[in-house]
Amino acid sequence: MTSKSRKVCHLTSVHTRYDTRIFVKECCSLAANGYDVTLLVADGLGDEEKNKVKITDLGKPKSRINRVLFWRKKVFNKALSINAEIYHFHDPELLPIGRKLINKGKKVIYDVHEDVPRQILTKPYIPKILRHIVSKTFENYENRITPKLSAIVAATPFIRDRFSRFNNNVIDVQNFPLLSEFNLAEINGEIQKKNAVCYMGGISKVRGILTMVKAMNYASGAELLLAGNFESEELRNEAIQIKGWEMVCELGFLGRAQVTETLAQSMAGLVVLEPTLNYLDSIPVKMFEYMAAGIPVIASDFKYWRELIGMEECAVFVNPKDPKEIGRAINDLVNDKSKSFQMGQRGKNAVAKKFNWKIEENKMLALYKKMS
């Protein structure tokens, strides 16, 4: 069987159609290597074909409850009608569909983006008194289904090791940057650096937004370029009341080209996640995107992160709950442009050598070849 005849279907009921991991990296990589790729989404934006990937829209659910309780049958029926050789799903709520596809004789991959049981412990919409019960219940459920699946693709080595106890076909495919997106050689001379640091990604308390805003009160003359959507309007209202917000430039959600331009304007990138169980062993995409863009990282002082990039000498590690310490780190890098540049170059070189998508893509392609 040639790769051109291998039909692949990726499924998500939660993520956007152009999700960086799912569409930009995994689906486009598979399509570029001769696979016939369909991506099932549920965003209400209609069907299209992009970069040789057929995007099929199931419509947008009315609510989270509606999606979880009633959307699965619709997703399953559509997935089955595609009659793919390999199904690759990305959301924990689709685990029952993965099991049903296995029962139909299909090969099924579960792509685990997060350590969900640990993530549940920080979910604001779940009452605190119930979080441990919900976390444990879901972990037991996940552990029962995953041994029956064809393969597990984990976003981090920590998640890989957890699932290796239950399934013999587990690999980590880390969400490292596409080098082509961060080739700034042509624009570095055109885009003027600002006395600014940046944050890219979802904006929430556990990702450090309130501490970042407070830190700007101690970062004399520096600006925070804030890109992303707030978790809630209530959180945004809380943030704008904090002294330091006047030094924040709120950019909203940015497209990939705008992200690249904002990174080129910045002197450093912030990734000061709070020390929750879910984050201590995580590998934030934004950290490596900062490095790929040639800017130093101001990062939470987590043991695993020090082990991962500490030797590259491209990061300043700080207490993520101490705005004064974060502010001092911002001042240090904004005011010492030579130091900032040298750290940024070391990070960029590290990404070029070992923290890039090409290496991860090869792992994924090897798994698909093995399964075909």
Side-chain angles (χ1 to χ4, degrees), residues 7-28 30-31 37-50 53-84 86-104 106-117 119-120 122-126 134-135 137-139 141-142 144-146 148-155 159 163 173 175 201-202 204 229 231-232 253 278 285 364:
K7 220 172 182 184
V8 174
C9 179
H10 279 243
L11 302 87
T12 178
S13 54
V14 177
H15 295 84
T16 61
R17 64 178 57 206
Y18 302 140
D19 179 89
T20 304
R21 177 178 177 85
I22 299 171
F23 174 77
V24 177
K25 293 174 182 172
E26 294 183 343
C27 288
C28 289
L30 288 165
V37 184
T38 297
L39 170 61
L40 289 188
V41 297
D43 59 11
L45 299 178
D47 299 348
E48 66 170 316
E49 183 167 332
K50 188 178 179 68
V53 177
K54 294 184 282 290
I55 301 175
T56 300
D57 179 21
L58 297 173
K60 190 172 184 178
K62 294 178 181 178
S63 65
R64 179 184 284 117
I65 293 175
N66 178 270
R67 189 189 72 220
V68 172
L69 296 181
F70 306 112
W71 224 244
R72 291 173 183 163
K73 185 176 181 180
K74 191 172 185 179
V75 175
F76 173 72
N77 288 339
K78 187 62 179 179
L80 204 58
S81 73
I82 291 169
N83 195 28
I86 297 174
Y87 290 86
H88 188 145
F89 70 95
H90 295 266
D91 310 312
E93 65 189 46
L94 298 181
L95 277 164
I97 291 176
R99 182 174 59 183
K100 289 176 73 174
L101 289 168
I102 283 285
N103 291 340
K104 291 289 185 179
K106 300 296 184 179
K107 298 172 184 177
V108 179
I109 299 170
Y110 177 25
D111 201 312
V112 192
H113 297 203
E114 303 278 355
D115 182 14
V116 178
Q119 188 185 47
I120 286 170
T122 65
K123 290 291 186 184
Y125 56 82
I126 300 176
V134 174
S135 172
T137 300
F138 178 79
E139 185 165 13
Y141 173 69
E142 196 174 43
R144 285 199 309 272
I145 291 184
T146 49
K148 301 177 176 67
L149 302 178
S150 309
I152 310 293
V153 169
I159 297 173
F163 283 98
V173 174
N175 217 8
S204 65
N229 293 326
E231 185 177 61
S232 66
F253 180 82
N278 188 46
V285 180
M364 182 187 69

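Predicted, not measured: the structure shown is a model, and the values here were computed from it. All values below were derived from every heavy atom in this structure, side-chain atoms included, with hydrogens, water molecules and symmetry-related copies excluded.
In this view, Thr56 and Thr38, Leu40, Asp47, Lys78 satisfy the side chain to side chain contact (heavy atoms under 4.5 Å, CB included) rule, not counting sequence neighbours. For Lys100, the side chain to side chain contact (heavy atoms under 4.5 Å, CB included) partners are Phe76, not counting sequence neighbours. By the salt bridge (charged side-chain N to carboxylate O under 4.0 Å, His left out) test, Lys106 is found to be paired with no residue, residues two or more places apart in sequence or in another chain being considered. Partners of Pro92 under the side chain to side chain contact (heavy atoms under 4.5 Å, CB included) rule, at least two apart in sequence or in another chain, are Tyr110, Val116, Phe138. Ile126 meets the side chain to side chain contact (heavy atoms under 4.5 Å, CB included) test with Ile120, Lys123, Leu130, Arg131, Val134; sequence neighbours excluded. Residues passing the side-chain hydrogen bond (donor to acceptor under 3.5 Å, both in side chains) test with Lys107, sequence neighbours excluded: none. Every residue was checked against the ring-ring contact (aromatic ring centres under 6.0 Å, His included) condition with Tyr87, not counting sequence neighbours, and none meets it. Taking His113 as the reference, His15, His90 meet the ring-ring contact (aromatic ring centres under 6.0 Å, His included) condition, with sequence neighbours excluded. Evaluation of the salt bridge (charged side-chain N to carboxylate O under 4.0 Å, His left out) rule for Glu231 yields no partner, not counting sequence neighbours. In terms of the side-chain hydrogen bond (donor to acceptor under 3.5 Å, both in side chains) criterion, residue partners of Asp43 (sequence neighbours excluded) are, by chain and number, Arg17.
Heavy atoms of other residues, nucleotides or ligands lying less than 6.0 angstrom from OH of Tyr141 number more than 12.
Between Leu101 and Leu80, the closest side-chain pair of non-hydrogen atoms falls below 4.5 Å. No side-chain heavy atom of Val153 sits less than 4.5 Å from a side-chain heavy atom of Met364. Thr16 places none of its side-chain heavy atoms less than 4.5 Å from the side chain of Phe253. Taking 4.5 Å as the limit, every side-chain heavy atom of Arg99 sits out of range of all side-chain heavy atoms of Leu95.
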| task | With side chain to side chain contact (heavy atoms under 4.5 Å, CB included) as the test, would you mind laying out the steps for Leu149 and Phe89 before giving the verdict? | result | CA-CA 11 Å; Leu149 302 178; Phe89 70 95; 4.1 Å; yes
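The two atoms that bring Leu11 and Asp91 nearest to each other are O-OD2, 4.4 Å, heavy atoms only. Scanning both residues, His10 and Val8, for their nearest heavy atoms gives CD2-CG1, 3.6 Å. A pairwise comparison of heavy atoms in Ile82 and Cys9 identifies CD1-SG, 3.8 Å as the closest pair. The two residues Ala31 and Val37 come nearest to each other via the heavy atoms N-CG2, 3.7 Å.
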Would you be so kind as to tabulate the donor-acceptor pairs closer than 3.5 Å made by side chains of residues 19-28, with sequence neighbours excluded?
from	atom 1	to	atom 2	distance (Å)
Asp19	OD2	Arg21	N	3.1
Asp19	OD2	Ile22	N	2.9
Arg21	NE	Asp111	OD1	3.1
Arg21	NH1	Val173	O	2.7
Arg21	NH2	Asp111	OD1	3.0
Arg21	NH2	Val173	O	2.9
Lys25	NZ	Asn175	O	3.2
Lys25	NZ	Asn175	OD1	3.3
Lys25	NZ	Phe176	O	2.8

